[in-house]
Amino acid sequence: MADISNTEDIADRIVNIIDSPNTIKGMINGALTVPLDFAYLALGYFDTDSRYDHQTQRIRMLAAIRHDILNYDHIVDAIEIIFKEFNKYLSKEKQDDTYRGVITAITGRILATKIAVTTAAAIIERTAFIAAAESKTIIGKVAFTLLIGGMSERSIRKSESLQHEDPEIYSLLRPHDYDLTYFLFEPAVKPFVDAIHVSITQGKPAFDEIISVVGKKLHVLH
């Protein structure tokens, strides 16, 4: 049986994203802060043990940036990959009529709110290349910041933690180098990633329990 407090927490966060997509901007703004980047920059400076490995990752980052990984469309694509994976877990195995109703409502709300687009727009605005997905000059400035500042260290460490904590998601993002930008959109997708992780580590019944709680909170179930 799934941990009740964990089930409620994940369900609450999923409902918050689905029901109030406008909160995503606040999440992104709170996550992408200069003080936090400085903290990661300091961490990278003092952590000499990982310096060589991280230098290798920075080389990969440079190649990814040259392939326009910071483009708006790539950010949307990365987020959609995660939601497609989440939807796979929603539709697995035999489902009764009630559960199918919850699934239909949740997937419909996810599509209606356009979470990926909302998140990408918030990231674009926060990182100062607002409404300029095609602007090479502005994206270049962000790329430069990403390479030399604390954002670089943060990107690499978040990729490492994703590989360790959620390898199933890492394996989906890594072929596209999207693991390097995961830290940008993590606040908007984390509850869905956590739900996937529950299904993998605790089994489908635990995942179904989360979805049932989501259904009740969205007033699909009574």
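Residue numbers count from 1 along this sequence.
Rounding to the nearest 0.5 Å places CZ of Phe86 at 15.0 Å from CD of Glu80. How far CD1 of Ile79 is from CD1 of Ile115: 9.5 Å, rounded to the nearest 0.5 Å. Distance CG/Asp166 to NZ/Lys190: 5.5 Å, rounded to 0.5 Å. From Asp177, atom CG reaches atom CZ of Arg60 across 5.0 Å, with rounding to the nearest 0.5 Å. Taking CD1 of Ile82 as the reference point, atom CG of Leu172 lies at 8.0 Å (rounded to 0.5 Å). Taking CG from Asp179 and CD from Gln163, the interatomic distance works out to 8.0 Å, rounded to the nearest 0.5 Å.
Shortest non-hydrogen contact noted between Val213 and Ala11 is CG1-CB, 3.4 Å. The minimum heavy-atom distance between Pro191 and Ile17, with the atom names listed, is CG-CG1, 4.2 Å. Minimum interatomic distance between Glu85 and Ile196 (heavy atoms only, all atoms of both residues): CG-CD1, 3.9 Å.
Using the six-membered ring where Trp is involved, Phe207 and Tyr89 have ring planes that are tilted, between 30° and 60° apart. Ring geometry, His176 versus Tyr178: the interplanar angle falls under 30°, so the pair is classed parallel (tilted spans 30 to 60°).
Among Ile14, Asp9, Ile10, Asn6, the single residue meeting the side chain to side chain contact (heavy atoms under 4.5 Å, CB included) criterion with Asp194 is Ile10.
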TODO: List the steps, then state whether salt bridge (Lys or Arg N to Asp or Glu O under 4.0 Å) holds for Asp77 with Lys84.
DONE: CA-CA 10 Å; Asp77 186 43; Lys84 285 176 183 176; 5.4 Å; no
Task: Worked verdict on Ile75 versus Thr181 for side-chain contact (heavy atoms from CB on, under 4.5 Å) - done: CA-CA 8 Å; Ile75 295 174; Thr181 56; 5.6 Å; no
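The shortest distance between side-chain heavy atoms of Glu8 and Lys217 falls below 4.5 Å. Considering only heavy atoms from C-beta on, Phe192 comes within 4.5 Å of Ile18 through its side chain.
A donor-acceptor pair under 3.5 Å is formed between the side chain of Ser171 and the backbone N or O of Glu168. The backbone N or O of Ser155 lies less than 3.5 Å from no partner atom in the side chain of Ser159, so there is not a single donor-acceptor pair.
With respect to the salt-bridge test (charged N to carboxylate O, under 4.0 angstrom), the residues Lys158 and Glu165 do not qualify.
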